[in-house]
Amino acid sequence: MTAISSHNRRFLIAAAGILAVGGGALGLALLNPSLGPIEGTIAPQLYVESVAGAQIPVHGRYILVDANSARLYMIDEGRVQDSMRVIVGKPETPTPELKSVLNYETLNPYWHVPADLTRTLVAARVLKEGPSYLTSHGYEVVSAFATDARVLPPESVDWKTVAAGNAKIYVRQRPGPANSLGQFKFDLPNSDGIYLHDTPKKELFAQDERNLSHGCVRLEDAHRLARWLLGKDPPAVSAPEESILLPKPVPIMISYLDPRTQIQLASLQ
């Protein structure tokens, strides 16, 4: 992660202040990621007074992900309504700071396996176990990562060449219980492949240190976030890649909040 500019530092401090003034319970939850859902009042004027020129919404829904504490906050009309644990990027593949917007949620997503994992994981296992590895894990080779992609026979691939990094193929994992994205995916436009998603490995959220991903944000309870964004339970669907438009776009910020600033601001209440 690159050094934070002075402008971004002011932005992060203000964001920390927004959370800290919610009360002692909110400040404690930020410092102790093991706490469950929280709720507290935020003073809306801090959005305006503390962040000159920043476009943090005073009204409407807003999502804040603090990568330092590995928590996500759901904010509506200046009020933290809910919070959950998340898993963020490893030190070598950190989740980037960004501001974006959620427009829709995807149910039953395919997982498009990154090229490095296709080489080091999938190709290596196929060479060791044969094409049955693909079937047992729900993988399929496709012509492209596109809605009209053709499924290709595994026998058409030179897996040794792929494992050596001398050939590029596209591998995706079909929706299902073992899918690495779980049942929900939340895309962020112009985020260089960073998105929020469900995961079948719920046991990892019990860990205090949750910087375990390749950069994307895994959600402790993706269904809860999906319901909050829609204002109702998401529909039951069976087809892959069903995109559900949100009632309104929801801004989102991923940041690294300073715990010392949180303590200082919380002590002023």
Side-chain angles (χ1 to χ4, degrees), residues 1-2 4 12 15 29-30 32-37 63-74 82-102 104-125 137-139 145 170-226 228-229 241 250 252-257 259:
M1 183 65 62
T2 58
I4 300 172
L12 298 188
L30 284 169
N32 187 348
S34 64
L35 294 179
I63 292 176
L64 173 63
V65 177
D66 177 21
N68 265 342
S69 62
R71 290 195 75 89
L72 176 146
Y73 298 90
M74 291 166 262
D82 201 355
S83 174
M84 69 177 67
R85 300 175 182 90
V86 295
I87 289 171
V88 295
K90 303 174 184 177
E92 60 269 27
T93 56
T95 299
E97 296 177 286
L98 58 85
K99 290 179 68 178
S100 189
V101 64
L102 294 174
Y104 62 92
E105 53 192 48
T106 301
L107 282 61
N108 298 331
Y110 286 110
W111 179 41
H112 295 156
V113 183
D116 60 329
L117 292 182
T118 297
R119 176 176 57 85
T120 60
L121 172 64
V122 177
R125 294 292 293 272
H137 288 77
Y139 292 121
F145 290 150
Y170 298 95
V171 175
R172 70 185 182 190
Q173 190 178 36
R174 294 188 298 272
N179 184 284
S180 294
L181 302 189
Q183 298 180 11
F184 298 92
K185 177 184 177 183
F186 305 87
D187 275 308
L188 307 178
N190 305 316
S191 61
D192 295 325
I194 298 299
Y195 49 85
L196 282 61
H197 66 88
D198 190 13
T199 174
K201 296 184 178 181
K202 302 298 185 184
E203 68 278 3
L204 297 178
F205 293 99
Q207 300 182 194
D208 290 333
E209 297 294 328
R210 297 191 298 279
N211 51 342
L212 306 168
S213 80
H214 283 76
C216 289
V217 177
R218 305 179 199 170
L219 302 165
E220 180 183 24
D221 192 338
H223 184 274
R224 201 164 89 221
L225 177 61
W228 183 80
L229 289 168
E241 295 279 332
V250 177
I252 178 172
M253 181 176 73
I254 300 177
S255 191
Y256 286 75
L257 301 182

Applying side chain to side chain donor-acceptor pair (under 3.5 Å) to Asn179 and not counting sequence neighbours gives none
Test ring pair (Phe, Tyr, Trp, His ring centres under 6.0 Å) applied to His223 - qualifying residues, sequence neighbours left out
Phe184
Whether the side chain of Thr95 engages the backbone of Gly215 through a donor-acceptor N/O pair (distance < 3.5 Å, no angle test) should be reported.
yes
Is a side-chain N or O of Ser255 found less than 3.5 angstrom from the main chain of Asp66, in a donor-acceptor match?
no
Pair Asp192, Leu98 - check side-chain contact (heavy atoms from CB on, under 4.5 Å), show working.
CA-CA 10 Å; Asp192 295 325; Leu98 58 85; over 6 Å; no
Could you list the residues that satisfy side-chain contact (heavy atoms from CB on, under 4.5 Å) with Thr106, not counting sequence neighbours?
Tyr104, Pro109, Lys185, Asp187, Glu241, Ser243
Sorted by chain and number, sequence neighbours left out, ring pair (Phe, Tyr, Trp, His ring centres under 6.0 Å) with Phe145 holds for His112, Tyr170
Using the test side-chain contact (heavy atoms from CB on, under 4.5 Å), find all partners of Pro177 that sit at least two apart in sequence or belong to another chain.
none
If you look only at distance, which donor and acceptor atoms sit under 3.5 Å apart when one is on a side chain in residues 115-122 and the other is two or more places apart or in another chain?
from, atom 1, to, atom 2, distance (Å)
Thr118, OG1, Pro114, O, 3.1
Thr120, OG1, Asp116, O, 2.8

Sub-4.5 Å side-chain heavy-atom contact between Leu196 and Arg218
no
Non-hydrogen side-chain atoms of Pro175 and Trp111 separated by less than 4.5 Å
no
Does any part of the side chain of Ile87, heavy atoms only, come nearer than 4.5 Å to the side chain of Val217, both counted from C-beta?
no
Please step through side-chain contact (heavy atoms from CB on, under 4.5 Å) for the pair Arg210 and Arg71, ending with a clear verdict.
CA-CA 10 Å; Arg210 297 191 298 279; Arg71 290 195 75 89; 4.2 Å; yes
Sequence-distant partners of Arg172, salt bridge (Lys or Arg N to Asp or Glu O under 4.0 Å), two or more places apart
Glu140
Listed by chain and number, what are the ring pair (Phe, Tyr, Trp, His ring centres under 6.0 Å) partners of Phe186, not counting sequence neighbours?
none
Is the closest side-chain heavy-atom distance between Leu225 and Met84 below 4.5 Å?
yes
So for atom CD, which belongs to Glu209, do other residues, nucleotides or ligands contribute more than 12 heavy atoms lying within a distance under 6.0 Å?
no
Checking Glu220 now: which residues fulfil side chain to side chain donor-acceptor pair (under 3.5 Å) with it, not counting sequence neighbours?
Arg85
Approximate separation, where rounding is to 0.5 Å, of Leu229 CG and Arg224 CZ:
12.0 Å
4.5 Å side-chain heavy-atom contact, Thr199 and Leu219:
no
Looking only at heavy atoms, what is the nearest atom pair of Tyr195 and His197, with distance?
CE1-CD2, 3.6 Å
Pair Val101-Val250, side-chain contact (heavy atoms from CB on, under 4.5 Å): steps then yes or no
CA-CA 5 Å; Val101 64; Val250 177; 5.5 Å; no
Ile194 side chain near Pro96 side chain, heavy-atom distance below 4.5 Å:
yes
With a 4.5 Å limit on heavy-atom distance, are the side chains of Gln183 and Asp198 in contact?
yes
Atom pair CZ (Arg125) and OH (Tyr139), whose distance is rounded to the nearest 0.5 Å
8.5 Å
Identify the heavy atoms of Pro200 and Ser180 that sit nearest to each other, and give their distance.
CD-O, 3.8 Å
Where the side chain of Ser83 meets the backbone of Leu72, is there a donor-acceptor pair that is under 3.5 Å apart?
yes
Mind checking side chain to side chain donor-acceptor pair (under 3.5 Å) for Asn211 and listing every partner two or more places apart, or none if nothing turns up?
none
For Tyr110, give me all partners under ring pair (Phe, Tyr, Trp, His ring centres under 6.0 Å), at least two apart in sequence or on another chain.
none
Could you tell me whether the side chain of Leu102 reaches within less than 4.5 Å of the side chain of Ile63, counting heavy atoms only?
yes
Side chain to side chain donor-acceptor pair (under 3.5 Å) with Lys90: which residues, sequence neighbours excluded?
none
